[in-house]
Amino acid sequence: MGDKFQLIHDVSPGTAGWTVKVVVAEKFSPRVAQRSPTKYQNLILMDSEGSTVQATLYGQNITTFQDELILGKTYLISNALVKETNAEYKAKSGEIQWTISGRTRIRRVEENNSNLLISTYSFTDFEDLPKYMDSNVDLSVIGMIIDIKPRRIIQTRFGKECQVQDLVLVNKRFDTVLLTMWEAFVDNECKYICQNLKKKTCSDWKASQSLSISTKADSSFFIDGEFELVEEFKSWGHTNSEIIDNMISEKHYLTSTPSKLFSKLSVLTDEKDFTEIKSIQGLKTVKQFFWIKGRASVKVLNQTYWYMSCNNCNKISSENYGDIYPCVFCKCTDAKAIPRAKVYMQLTDPTGYINATAIGNPAEYFLQSNAQILMNQTLIPTAASMRLSIDEDEIFYVKAITQELSPDCKFEILFIVNPSQIAGDKNKGKAPVEHIGEPIKFLEPTTKRSLFHSDTDDAQSSKKKCDKSTIEITKKNQ
DNA sequence: CCCCCCCC
């Protein structure tokens with residue numbers, strides 16, 4: 001890791017223009033907030049000095065960035081939202097948290113910093129595992145996978161059905177342990193391991209497949225995509241390929257496993273990991289559309305009247321104007337970063353007022369400006385530089401988004417129609433042909449889910465899954 | 001369709 005970049009400690013709330021090179025040291029499973037339907041995912045990032053910072057992803061960004069921030073990989077990160085952790089919860093003052101969102105710039109660096117990462121782990125010897133049985137401690141082990149058993153369904157003591165799958169690990173002393181993967185780990189990590197197993201010849205695989213497992217909290221465990229994480233196991237595997245071959249083919253560690261030795265180190269018993277159905281039953285986002293005839297004006301002058309966007313999907317971009325880049329949202333490989341107008345304003349009619357946001361065309365129409373001008377404008381605008389209020393009635397098509405736990409609706413202006421454009425009452429109730437706004441598109445509801453996302457998506461519906469992996473002890477192989 | 005923020 002070079003040192004031309006800042007370190008985690010150099011970045012405080014308000015620090016500008018920073019870039020930190022980090023390794024994704026831990027990646028926790030996405031969770032649903034206890035007091036709101038918000039989904040969040042915490043990561044631990046580590047810089048070249050081994051300092052760490054907690055980074056959080058929210059909502060849709062979790063799936064958006066899941067292939068972007070891979071455990072064990074190195075990234076250059078800039079422009080994350082940096083703030084002190086909530087005073088209500090922080091253990092000590094000065095604790096910093098990064099929020100990763102669409103405006104965060106993330107660049108993959110092809111560097112292997114696994115040694116740095118590994119150096120922060122303390123691994124428990126397989127032979128010491130029995131003393132931790134049933135103690136519910138978090139620990140890490142390191143080893144090579146030499147077998148994957150079929151997945152199976154078990155019933156927990158609460159009657160819940162869980163899918164599990166066993167892996168057999170071997171360490172450098174040829175001790176074996178059975179690692180049981182639970183729920184989402186079966187769908188994700190086990191599937192991933194199996195895929196790689198099929199792609200490679202047996203000797204390639206066993207010689208290079210190495211991993212470290214952390215049962216820390218609900219953290220994912222490490223499996224490096226290219227299996228380069230634990231170099232030392234590569235050479236060990238090559239040197240001892242005959243013995244490992246024999247273990248794989250003979251499987252004598254299985255026949256010599258007394259079932260009574262199977263005892264879980266940790267069981268999912270934490271009641272607070274489960275969600276009461278009644279607390280999620282009524283939750284839904286209500287969206288309503290309606291028309292308002294009235295006037296609009298900007299009340300908050302000091303706001304940002306634009307954001308950098310993807311020319312393909314309009315989502316926020318972390319790139320510089322004009323740059324061609326792969327968009328994390330729409331996956332367009334040659335997206336272009338272009339400004340998009342945005343304005344926060346107040347709508348009034350004789351009965352009252354609401355605050356509303358307009359984005360894109362309606363914003364440009366209202367401001368009588370365009371995104372590029374807005375982007376280049378450095379001073380707080382005045383009425384001379386853009387229109388800040390409309391002095392005659394216009395018709396606004398507004399979307400209301402009611403948010404759980406937020407007392408106020410948020411309003412968004414989808415388009416603006418000048419009343420003169422509407423000829424008489426014949427068009428009443430119809431969308432006008434000429435409107436100032438985005439083209440109206442009627443899209444089939446789409447789902448962005450893919451198989452590999454099912455973990456996160458299920459996590460919010462069924463709340464927290466039991467995604468801990470437990471280590472079960474098998475008889476040693478010698 | 002887009003912005004903002006969000007959790008322990």
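Note on naming: letters A, B, ... go to the chains in the order of the sequence lines (proteins, then strands), and numbering restarts at 1 for each one. We use all heavy atoms of the structure for the numbers below, so side chains are in, but hydrogens, waters and symmetry mates are not.
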Colleague: How close or far is atom P of B:dC1 from atom CG of A:Asn311, stated in whole angstroms?
Modeller: 17 Å
Colleague: For the side chain of A:Arg340, counting heavy atoms from C-beta on, which of B:dC6, B:dC8, B:dC2 is nearest?
Modeller: B:dC2
Colleague: Would you call A:Lys73 and A:Glu110 a salt bridge, using N to O less than 4.0 angstrom?
Modeller: no
Colleague: Is the ring of A:Tyr307 stacked on the base of B:dC3, with centres less than 5.5 Å apart and planes under 30° off?
Modeller: no
Colleague: Take the protein atom CG of A:Asn61 and the nucleotide atom P of B:dC6, then report the distance between them rounded to whole Å.
Modeller: 13 Å
Colleague: How many Å lie between CD1 on A:Ile338 and C1' on B:dC2, as a whole number?
Modeller: 11 Å
Colleague: In chain order, what residues pass the side chain to side chain contact (heavy atoms under 4.5 Å, CB included) check against A:Leu7, with sequence neighbours excluded?
Modeller: A:Asp10, A:Asp47, A:Ser48, A:Glu49
Colleague: Does A:Lys399 place a side-chain N or O at less than 4.0 Å from the phosphate oxygens OP1/OP2 of B:dC1?
Modeller: no
Colleague: Nearest to the A:Leu414 side chain among B:dC2, B:dC8, B:dC3, which nucleotide is it?
Modeller: B:dC2
Colleague: Of the listed nucleotides (B:dC2, B:dC6, B:dC8), which one gets closest to any side-chain atom of A:Ala33?
Modeller: B:dC8
Colleague: Taking CG from A:Leu374 and C1' from B:dC2, how many angstroms apart are they, rounded to a whole number?
Modeller: 15 Å
Colleague: Counting side-chain heavy atoms from C-beta on, which of B:dC6, B:dC2, B:dC8 comes nearest to A:Lys315?
Modeller: B:dC2
Colleague: Please name the residue in the list A:Lys315, A:Arg340, A:Lys342, A:Arg103 that meets the side chain to side chain donor-acceptor pair (under 3.5 Å) test with A:Tyr307.
Modeller: A:Arg340
Colleague: What is the separation between atom CG on A:Asn42 and atom P on B:dC6, rounded to the nearest whole Å?
Modeller: 13 Å
Colleague: Which of the following nucleotides, B:dC6, B:dC8, B:dC3, is nearest to the side chain of A:Thr85?
Modeller: B:dC8
Colleague: Quick check for you: among B:dC8, B:dC6, B:dC3, whose closest atom lies nearest to any side-chain atom of A:Tyr40?
Modeller: B:dC8
Colleague: Classify the nucleic acid contact of A:Ser309 as base, sugar-phosphate or nothing, counting any heavy atom under 4.0 Å across all strands shown.
Modeller: nothing
Colleague: Could you measure the distance from the CG atom of A:Leu374 to the CD atom of A:Glu364? Nearest 0.5 Å is fine.
Modeller: 7.0 Å
Colleague: Could you give the CD1-to-C1' distance, from A:Ile100 to B:dC5, as a whole number of Å?
Modeller: 15 Å
Colleague: Answer with base, sugar-phosphate or nothing: what part of the nucleic acid does A:Gln54 contact at a heavy-atom distance below 4.0 Å?
Modeller: base
Colleague: Using the side-chain hydrogen bond (donor to acceptor under 3.5 Å, both in side chains) criterion, which residues pair with A:Thr351? Sequence neighbours excluded.
Modeller: A:Asp349
Colleague: If I take atom CG in residue A:Asn361 and atom P in nucleotide B:dC1, what distance separates them, rounded to the nearest angstrom?
Modeller: 11 Å
Colleague: OP1, OP2 of B:dC4 versus side-chain N and O of A:Arg103: anything below 4.0 Å?
Modeller: yes
Colleague: To the nearest Å, how far apart are A:Asn312 CG and B:dC2 P?
Modeller: 14 Å
